[in-house]
Amino acid sequence: MSKKDIRAIEGTRDYLGEDGIRFEKAMDGAREIFTRFGFEKIATPVFESTDLFARSIGEATDIVEKEMYTFKPGSEMITLRPEGTAGAIRAYLQHNLHKQGSLTKLWYAGPMFRRERPQKGRYRQFHQVGIEAVGSSDPLLDTEVIAMGIAYYERLGITGIRLRLNSIGCSKDECRPAYRAKLRAEIEPNLDKLCKTCNSRFERNALRILDCKNPHCQEVVKGLPASYDNLCEECEDHFAKVKEGLAAQGIEFDVDATLVRGLDYYSKTVFEYTHGALGAQDAIGGGGRYDGLVEELGGPATPAVGFAIGVERAMIAMEALGACCCAAPLSVFGIGLGEDCHKAMSGMITRLRREGISADMDYEGRSFKSQMRLANRKGAQVALILGDNELAEGKVNVKDMREGGEQLSVNIADAISEVKKLLP
RNA sequence: GAGGGAAUAGCUCAGUUGGCUAGAGCGCCAGAUUGUGGCUCUGGAGGUCGGGGGUUCAAAUCCCCUUUCUCUCCCCA
């Protein structure tokens with residue numbers, strides 16, 4: 001079996017080196033920012049019942065129709081999660097969080113799976129960090145959630161995020177259904193000008209025609225009424241307050257009537273963060289309100305809002321912007337000359353690690369010079385140098401590795417405190 | 001599902017109308033410096049030229065097949 005026979009399968013990737021650091025920053029940033037906003041971590045299984053995704057995401061969506069990894073190892077059909085909301089809400093209901101009687105704020109992070117054709121910023125196993133705020137219809141919550149996404153990007157050093165915003169109304173007769181009917185009435189005479197997929201969308205999900213990128217379809221779409229001009233009173237008021245809330249926080253946004261979003265469960269507010277560095281897949285995150293989903297999955301009517309952010313897409317933006325991709329430097333590198341000193345150094349390294357100081361040493365039998373080079377390459381701030389002479393006297397050399405740094409000989413017992421003096 | 005581009009050293013890539021033992025930079029290892037890193041210099045290791053078949057005196061180079069990566073459409077994070 002040669003190395004070329006064993007590869008990561010199509011659309012999956014390994015993250016190492018700078019990618020590994022970016023990936024870790026994306027994950028760490030999520031914990032830091034979301035926790036700061038009062039969200040609690042939830043970890044749900046990577047696979048769930050197929051039915052859960054079909055019901056929550058929508059039978060007629062591309063995800064459910066053709067992109068899910070579904071299999072039947074036993075008697076039950078299971079699917080690798082294509083997104084995070086369905087599982088989070090399932091857990092919310094299963095553990096009766098709705099009976100606690102207060103707003104539930106959850107965040108998650110992890111791999112998702114969609115069997116699409118891979119391309120830039122789109123992979124079959126990809127990662128999302130996301131949040132769900134379940135139990136409040138307060139428009140201020142929408143704005144906080146949107147603001148939190150921006151705070152997250154800032155934490156990762158991603159600037160130049162654009163926020164697109166829309167409201168697609170609710171399921172009340174006078175709201176989205178009325179708008180959909182109006183839309184269809186206006187589109188119908190132009191059906192022959194629309195692409196094939198839009199023709200099938202016309203029957204199944206007319207709103208989706210709005211965000212078709214086909215130029216002919218866009219011509220037709222241009223003259224169509226916007227959803228935000230056809231909201232019921234409640235949705236209109238909600239949308240106005242979301243916009244006010246964003247303006248009050250100084251967050252810029254573009255109201256975009258063509259932002260519809262693909263998943264069935266959205267209602268009222270929908271939004272998308274985009275970034276110019278990403279190319280064709282310019283959405284770096286997106287979300288919205290889904291007031292009907294909890295009920296759809298068998299719970300009480302419960303309003304909710306959330307978002308998901310694509311980690312790989314954030315990583316592309318980080319790379320393009322040259323944002324933080326340096327490894328945390330090693331504090332101490334220990335150098336032992338000869339077998340006895342090497343063994344003694346191993347003990348010193350262990351003590352440093354117990355003190356919470358990052359420390360490493362050579363395990364390849366390298367020469368002294370080579371060990372020094374290794375210490376330098378690993379960015380060690382301090383080198384501990386132990387030779388037979390020092391060992392015999394109970395001493396060790398502590399060398400400051402910075403340019404022009406000093407080296408002093410100290411008692412082995414004092415080594416850790418001496419090292420600490422040199423560390424930031 | 002459909003359409004472009006690409007595959008040569010660990011990495012980024014040269015390689016002419018087919019023609020000596022397939023190169024460079026970076027990285028790696030070592031020496032210059034017997035126990036002191038970075039900078040410099042010198043040397044070294046490292047390739048089934050993605051795989052298979054064909055044309056030819058001769059193929060990294062031309063042709064066919066195949067695999068994979070990549071980008072685009074669709075859709076989404």
Side-chain angles (χ1 to χ4, degrees), chain A residues 2-13 16-18 26 57 60-67 82-85 109 111-130 149 195-198 200-201 205 208 211-215 217 259-263 271-275 278-287 306-317 333 335-338 341 364 366-390 397-407:
Chain A
S2 84
K3 66 175 181 179
K4 285 175 177 108
D5 295 324
I6 303 183
R7 314 187 87 262
I9 65 173
E10 183 177 6
T12 69
R13 322 199 303 161
L16 12 103
E18 290 194 355
I57 298 168
T61 58
D62 278 9
I63 293 177
V64 172
E65 277 187 344
K66 57 185 190 196
E67 295 173 1
E83 53 93 56
T85 299
M112 307 292 164
F113 306 84
R114 292 184 200 172
R115 200 174 182 291
E116 299 175 272
R117 196 66 182 265
Q119 61 182 276
K120 183 176 186 180
R122 185 164 71 197
Y123 308 101
R124 289 181 169 181
Q125 173 173 333
F126 60 104
H127 298 77
Q128 289 185 336
V129 299
C195 70
K196 217 166 73 184
T197 39
C198 280
S200 75
R201 283 172 179 150
N205 193 349
R208 293 293 302 287
D211 73 351
C212 185
K213 285 167 192 157
N214 184 306
C217 299
L259 177 64
V260 173
R261 303 198 51 80
L263 283 54
F271 59 93
E272 198 166 89
Y273 306 104
T274 62
H275 196 276
L278 301 188
Q281 276 68 47
D282 67 345
I284 192 171
F307 67 61
I309 287 170
V311 169
E312 281 76 7
R313 294 185 183 180
M315 287 165 67
I316 290 171
F333 193 89
I335 296 172
L337 301 173
C341 296
E364 297 169 280
R366 288 170 179 266
S367 70
F368 179 48
K369 180 191 285 288
S370 177
Q371 291 187 61
M372 282 301 293
R373 273 200 272 259
L374 200 54
N376 185 62
R377 197 196 311 158
K378 288 184 180 294
Q381 292 166 289
V382 177
L384 287 181
I385 301 167
L386 187 66
D388 288 335
N389 300 341
E390 289 81 10
N397 292 329
V398 178
K399 181 178 172 69
D400 183 345
M401 291 292 280
R402 285 172 298 193
E403 179 101 32
E406 304 275 310
Q407 172 173 322

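Per chain, numbering begins at 1; letters A, B, ... match sequence-line order. Only a predicted model underlies this, so the values are computations on that prediction, with no experimental measurement involved.
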Interatomic distance, A:Glu10 CD vs B:U67 C1' [rounded to whole Å]: 11 Å
Donor-acceptor pair, side chain of A:Gln128 and main chain of A:Val311, under 3.5 angstrom: no
Whole angstrom value for the distance that separates P of B:C74 from CZ of A:Arg208: 12 Å
For atom NZ of A:Lys378 and atom C1' of B:C28, their distance in whole Å: 13 Å
For atom NZ of A:Lys120 and atom C1' of B:C76, their distance in whole Å: 16 Å
Between B:U33 and B:G37 - P atom distance, rounded Å: 12 Å
Nearest-angstrom distance, P atom, B:G50 to B:G10: 13 Å
Separation of the C1' atoms in B:G47 and B:C11, to the nearest angstrom: 14 Å
Sugar-phosphate only, base, or nothing, as touched by A:Ser370 at under 4.0 Å among non-hydrogen atoms: sugar-phosphate
Pair pattern of RNA chain B in dot-bracket, where unpaired bases get dots and | marks partners in another strand, Watson-Crick or G-U under 3.5 angstrom: (((((((..((((.....[...)))).(((((.......))))).....(((((..]....))))))))))))....
Gap separating the OG atom of A:Ser367 from the CE atom of A:Met372, nearest 0.5 angstrom: 11.0 Å
P gap between B:C65 and B:C57, integer Å: 24 Å
A:Glu116/A:Arg122 salt bridge by N-O under 4.0 Å criterion: yes
Protein-nucleotide distance (A:Lys66, atom NZ; B:G1, atom C1'), rounded to Å: 7 Å
Sugar-phosphate only, base, or nothing, as touched by A:Ala283 at under 4.0 Å among non-hydrogen atoms: sugar-phosphate
Any N/O donor-acceptor pair, A:Arg114 side-chain to B:A77 base, under 3.5 Å: yes
Protein-nucleotide distance (A:Phe307, atom CZ; B:C76, atom C1'), rounded to Å: 17 Å
Footprint string (nucleotides 33-41 of chain B, 5' to 3'): B base within contact, S backbone only, - free, heavy atoms under 4.0 Å: B-BBBB---
B:C29 phosphate, OP1 or OP2, under 4.0 Å from A:Arg366 side-chain N/O: yes
Shortest non-hydrogen separation from A:Phe126 to A:Phe113 and the atoms involved: CE2-N, 4.0 Å
5′-ward residue of the pair A:Pro118/A:His127 relative to RNA chain B: A:Pro118
P-based separation of B:A45 from B:G25 [nearest Å]: 15 Å
Minimal non-hydrogen separation, A:Thr274 against A:Ala283, with atom names: CG2-CA, 4.2 Å
Between B:C71 (C1') and A:Tyr123 (OH): distance, integer Å: 11 Å
C1' gap between B:A59 and B:C71, integer Å: 29 Å
Between P of B:G27 and CG of A:Leu16, the distance in whole Å: 20 Å
Sugar-phosphate only, base, or nothing, as touched by A:Arg261 at under 4.0 Å among non-hydrogen atoms: sugar-phosphate
Positive for side chain to side chain contact (heavy atoms under 4.5 Å, CB included) with A:Asn397, one of A:Leu386, A:Ile335, A:Ile385, A:Leu384: A:Ile385
Spacing of the P atoms in B:A77 and B:C13 (rounded, Å): 32 Å
Donor-acceptor contact present, side-chain A:Gln371 to main-chain A:Arg366, <3.5 Å: yes
Touch class at under 4.0 angstrom, heavy-atom based, for A:Gly287 against every strand present: nothing
Contact under 4.0 Å: A:Gln119 side-chain N or O vs B:U72 OP1/OP2: yes
A:Arg124 side-chain N/O to A:Thr12 backbone N/O, donor-acceptor pair under 3.5 Å: no
Closest approach of A:Pro118 to A:Gly11 (non-hydrogen atoms, all atoms of both residues): CG-CA, 3.7 Å
pair A:Arg402-A:Gln381: side-chain heavy atoms closer than 4.5 Å: no
Test: A:Arg13 cationic atom under 6.0 Å from A:Tyr123 six-membered ring centre, within 45° of axis: yes
Rounded C1' spacing from B:G44 to B:G27 in Å: 14 Å
